[in-house]
**Student:** 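Questions regarding the structure given below will be posed in turn.
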Number of protein chains: 2
Amino acid sequence: MMSKRVGIREVAAAAGVSVTTVSHSLSGGGQLSDATRERVKSVAEGLNYTPNRLASGLRSKRSQIIGFVSDEISTTPYAGRVLLGAQEAAAANDQVLMIVNTNSNDRLENRGIDALLQHSVDGIIYARMYHQAVQLPEALAGVPTVLLDAYTDRLDLSSVVPDEEGAARTAMAHLLAAGHRRIGYLGNIDDIPATHGRLAGYRAALAEHGIAFDESLVTVSESMTAPGRAAASRMLAQPDRPTALFCFNDRIAMGAYQAAQLAGLAIPNDLSIVSIDNFEVLADALLPGLTSIALPHYEMGRWAVERLAAELAGEADAAPQQIQMPCPLVLRQSVGPPPH
Amino acid sequence: MMSKRVGIREVAAAAGVSVTTVSHSLSGGGQLSDATRERVKSVAEGLNYTPNRLASGLRSKRSQIIGFVSDEISTTPYAGRVLLGAQEAAAANDQVLMIVNTNSNDRLENRGIDALLQHSVDGIIYARMYHQAVQLPEALAGVPTVLLDAYTDRLDLSSVVPDEEGAARTAMAHLLAAGHRRIGYLGNIDDIPATHGRLAGYRAALAEHGIAFDESLVTVSESMTAPGRAAASRMLAQPDRPTALFCFNDRIAMGAYQAAQLAGLAIPNDLSIVSIDNFEVLADALLPGLTSIALPHYEMGRWAVERLAAELAGEADAAPQQIQMPCPLVLRQSVGPPPH
DNA sequence: CTGTTAGCGCCTTCAG
DNA sequence: CTGAAGGCGCTAACAG
C-alpha cells in the first residue's frame, strides 16, 4: 500500500533518464524536448506514479493546501455552499482545503490557525458565516489571507461580502414593479452590516420612486420566526396597512406568513412578500413559495480561493480587492399586484 | 515569515543539546531525564518553536491529516454538524481535516481521493449525507477508512449510521404515551434504509401495544413539504381520521401542518404530530413548535474520527465496529392528548 | 537538452 | 541517558 508507492526514482530508472528529467517533465519546468517529456509522462502513468506532496511541499515551500478557518461551520445552513464553492475552486487549482472551526473562541482559533501553519498551508481563507467586521488574529500576520463574508479596515487584504444594499434594492424593485407603493419593512435589530445595508437599500429604493419614507412602515425585531410573526402582526393591524412586506430574511418572512394567516390575509392576493436569504428549505416549503433574494454563498467561496490563488501566484492583477457580490432574485409565488 | 521559522536545530543549539534530544523531548520518546526534557521544552517554547508537519510526516509516515470525503457537502443542512463533530474530534487528537467533495460523481471522487492520498492522509472518513449503502471505491483499497452515515457488507470496515428503527419507536412511544391509538404514518417513498427502518419501527411500536396495523393509516410520498401536504390532506379527510401523525421527516411534517390548517384542525388540540430530523430552522419556526427526533449528526462525525484514530493507533479494542446510533427525542409543542 | 548534487526539517537506528 | 549520521521523496541550482 502506502509504503510501496513508486517514486520519481523508479520512474527515472524505467524511462532511462535522470530524476531531474522526470521532475521537469512532470512539473512542466526545465527545457526538455517534447518527446522525452511525453515519454516520461507515459512511463510515470504506466507505473502508476503519484507525487508525494509532503516531499514536494517540504522542498518547494508550497504545500498546495489552503487553510479554511471559520467561526461556525455548523450553525448555519449556508456554510455548506460556501465550503462547496471554496472546495471546487481549490480542486480546479490542484489545491486542497484543510478546515478548522473556531466556535468563535479565541483560544480554539489560535490553536486551529497554528495547526494549519504547522502543516504549511500556502494561505488562509478567514471566513465568517454571516457578514461582519473582524479583526485579523495576530497569528495570521504575514500569512496570505483572504476574508470571506467578513471585512476589516485594512486595504492590503482581499475580502468578499454580499452587496446588502443592492440586495434590498433588488427586492424593492421587484415589489415596486408589481405596483406596490405602501411597502412595509420587517427589519433586524442586530448591529451588523446586513441590518444597516438592507435598511439603506429600502430607503434608497423608495426615494428613487419618489415615495416618502414612513416610519410606521418599519419595524425591527430579532431575525427569527416568532419575533417576525409578532412584528408582522403589529404592522398588519395598522389602519392603512401595507400591501407588501419586504423582510430582512426568510425566517422573519415565515413569521410574516403566519401573521398573514392569523389576520386572514392571503398571499399574494392580499399581501405580497419578498425577503432575503433564499433559504430553500423554507422558501420552497412555504405556501405559496417565497420569492427571495439569494446570498451568493457558493460564489463567495469560489471567489475567495480564486483570489487567494491569484495572490499566491503573484499575478499581475493580484492587488488586493475588497468586493461586494451581487445578490440575485429568486422568483416564487409570494408576489402579486396590490389588492383592489 | 514562513521561511524564518525556528527549527529543531535552533532549539538544540539554544538548549545546548543535540537535535536528537530535542526530538525526543518534544515527542515524548527516548530515555531522557525529566530535567532535560522539561528544559528543552521550555527553551522550545521560548523560541516559539513550531514543528514542521510536512517534514515530520515525510519522515515518520504519519501526516496527522484525516481525509474527509463526502458526496454533498452542501445540499443538506446537516452536513455542518457532521463536519463539526469530525473536526472537533480530530483537533482533540492533534489531527486536522482535509476535505473533498465528490458531487456524487465517480470521476470527481477518484480525483479527490487521489489528492488526499498524495497528501499522505493517515486515513479517510468516507461520508454520505444521508444514510445509505455504498460501495467503497477501488482507490481506497488498503487505506484505513471508516464509513459515516453509510455502510457496506464488508465487516472489516467500521461504520456508523443512525438507528432508524429505534428513532421511529421513540417517536411512536411518545405518541402512545400521550394516549393516542389511531396514529397515521406519513412515510417516504425512496428505497433507502430510513424508509424501511422507520416503517418497521412504526409497525413494531404498534405491535408492542397490541394495536392492529391499519393500511389506511399509512401513506408514502416524496419527503418534501408539498407532497407531505397532499398525503396528510388525504389522510385527514378519512372518516375515522387519526388523532396523531408520525412523519418521516420535518419537511413532510411541515406539509402536515399546512394540511391541518387547511382542514381547520389545531395542533396539538385536534391533531398531534411527531417527526424525525429535528431540523431546527423548521421545527422551531413552525407554530406550534414541532416535536421531533434528532439524528445524531454531530455524534456520528465525532465517532467516525475517534474510531479511525483508534484503528490507526492500533489500539487493543480497535476491531472494526458497525454501529447504529440512538436518536434522541426533542420535545416541543406539537403533541398533546387525543381530542375528546 | 540532460544529469549530478545538495539539501528541505525532521525522525530514528545505532553507538557511545 | 545522549549524540552522530543517514535518509524520507522531491526540487533546484549548477554543470556538462
Side-chain angles (χ1 to χ4, degrees), chain A residues 1-41 43-44 47-65 94 114 117-122, chain B residues 1-41 43-44 47-65 94 114 117-122:
Chain A
M1 39 187 286
M2 290 277 72
S3 39
K4 280 301 160 220
R5 272 188 0 194
V6 356
I8 206 181
R9 212 197 317 276
E10 284 78 56
V11 177
V17 296
S18 75
V19 292
T20 311
T21 306
V22 175
S23 179
H24 282 161
S25 305
L26 265 25
S27 66
Q31 312 292 310
L32 302 189
S33 70
D34 284 354
T36 32
R37 199 183 292 274
E38 286 312 317
R39 190 163 53 80
V40 171
K41 275 189 179 170
V43 170
L47 256 43
N48 241 307
Y49 167 80
T50 39
N52 180 326
R53 304 268 179 163
L54 291 187
S56 71
L58 178 58
R59 184 65 241 238
S60 68
K61 305 278 179 213
R62 309 204 100 235
S63 63
Q64 302 290 76
I65 305 174
D94 196 28
D114 238 59
L117 262 19
Q118 290 183 12
H119 282 280
S120 303
V121 296
D122 291 335
Chain B
M1 38 189 285
M2 290 276 75
S3 38
K4 280 302 160 218
R5 270 182 9 188
V6 357
I8 206 182
R9 211 198 317 274
E10 284 78 54
V11 176
V17 295
S18 75
V19 293
T20 313
T21 305
V22 175
S23 178
H24 284 161
S25 304
L26 264 26
S27 66
Q31 311 293 309
L32 302 189
S33 69
D34 286 353
T36 32
R37 199 183 293 273
E38 288 313 318
R39 190 165 51 81
V40 171
K41 275 188 182 172
V43 170
L47 256 43
N48 242 305
Y49 166 80
T50 39
N52 179 327
R53 304 267 179 164
L54 291 187
S56 71
L58 178 59
R59 183 64 239 241
S60 66
K61 306 279 179 209
R62 308 204 102 237
S63 63
Q64 302 290 75
I65 305 175
D94 197 27
D114 239 58
L117 262 20
Q118 291 183 9
H119 282 280
S120 303
V121 296
D122 291 335

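Source: prediction; values computed, not measured.
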**Student:** Evaluate A/S120 against A/I65 for side chain to side chain contact (heavy atoms under 4.5 Å, CB included), listing each step before the verdict.
**Tutor:** CA-CA 8 Å; A/S120 303; A/I65 305 174; over 6 Å; no
**Student:** Measure from CD on A/Q64 to P on D/dG9 and round the result to the nearest Å.
**Tutor:** 20 Å
**Student:** Do A/V43 and A/V22 touch side chain to side chain, with heavy atoms closer than 4.5 Å?
**Tutor:** no
**Student:** Provide, to the nearest angstrom, the distance between the CD atom belonging to B/Q118 and the P atom belonging to D/dG9.
**Tutor:** 15 Å
**Student:** Can you check side chain to side chain contact (heavy atoms under 4.5 Å, CB included) on A/R39 and A/T21, steps first, answer last?
**Tutor:** CA-CA 11 Å; A/R39 190 163 53 80; A/T21 306; over 6 Å; no
**Student:** As a quick check of understanding, evaluate side chain to side chain contact (heavy atoms under 4.5 Å, CB included) for A/V17 and A/V40, giving each step before the final call.
**Tutor:** CA-CA 8 Å; A/V17 296; A/V40 171; 4.1 Å; yes
**Student:** Can you see which heavy atom on A/D114 is nearest to which on B/T50, and at what distance?
**Tutor:** OD2-CG2, 3.9 Å
**Student:** In sequence, state the C-alpha distance, the side-chain angles, and the governing distance for A/K41 and A/L26, and then conclude on side chain to side chain contact (heavy atoms under 4.5 Å, CB included).
**Tutor:** CA-CA 7 Å; A/K41 275 189 179 170; A/L26 265 25; 4.0 Å; yes
**Student:** How far apart are the closest heavy atoms of B/I8 and B/Y49, and which atoms are they?
**Tutor:** N-CE1, 3.5 Å
**Student:** Kindly say if A/K61 contacts the phosphate of D/dT11, meaning a side-chain N or O under 4.0 Å from OP1 or OP2.
**Tutor:** no
**Student:** Between A/H24 (NE2) and D/dC10 (C1'), how many Å, whole number?
**Tutor:** 12 Å
**Student:** Five pairs per end, C1' atoms only: what is the angle between the end axes of the helix from C/dC1-D/dG16 to C/dG16-D/dC1, to 10 degrees?
**Tutor:** 40°
**Student:** Taking all heavy atoms of A/D122 and all of A/S63, pick out the closest pair and write down the distance.
**Tutor:** OD1-N, 2.9 Å
**Student:** Rounding to an integer number of Å, can you tell me how far A/L58 CG sits from D/dT11 C1'?
**Tutor:** 10 Å
**Student:** Where along residues 8-21 of chain B does a heavy atom fall under 4.0 Å from DNA chain D?
**Tutor:** B/V17, B/S18, B/T20, B/T21
**Student:** What is the separation between atom CZ on A/R53 and atom C1' on D/dC10, rounded to the nearest whole Å?
**Tutor:** 12 Å
**Student:** So, OP1 or OP2 of C/dG9: does either fall under 4.0 Å of a side-chain N or O from B/Y49?
**Tutor:** no
**Student:** Would you kindly give the NE2-to-C1' distance between B/H119 and D/dC10, to the nearest whole Å?
**Tutor:** 14 Å
**Student:** Side-chain donor-acceptor pair under 3.5 Å between B/T20 and B/S23, yes or no?
**Tutor:** no
**Student:** Taking for each residue the nucleotide of DNA chain D with the nearest heavy atom, is it B/T36 or A/R59 whose nucleotide lies nearer the 5' end?
**Tutor:** B/T36
**Student:** What integer distance in Å separates A/L26:CG from D/dC10:P?
**Tutor:** 9 Å
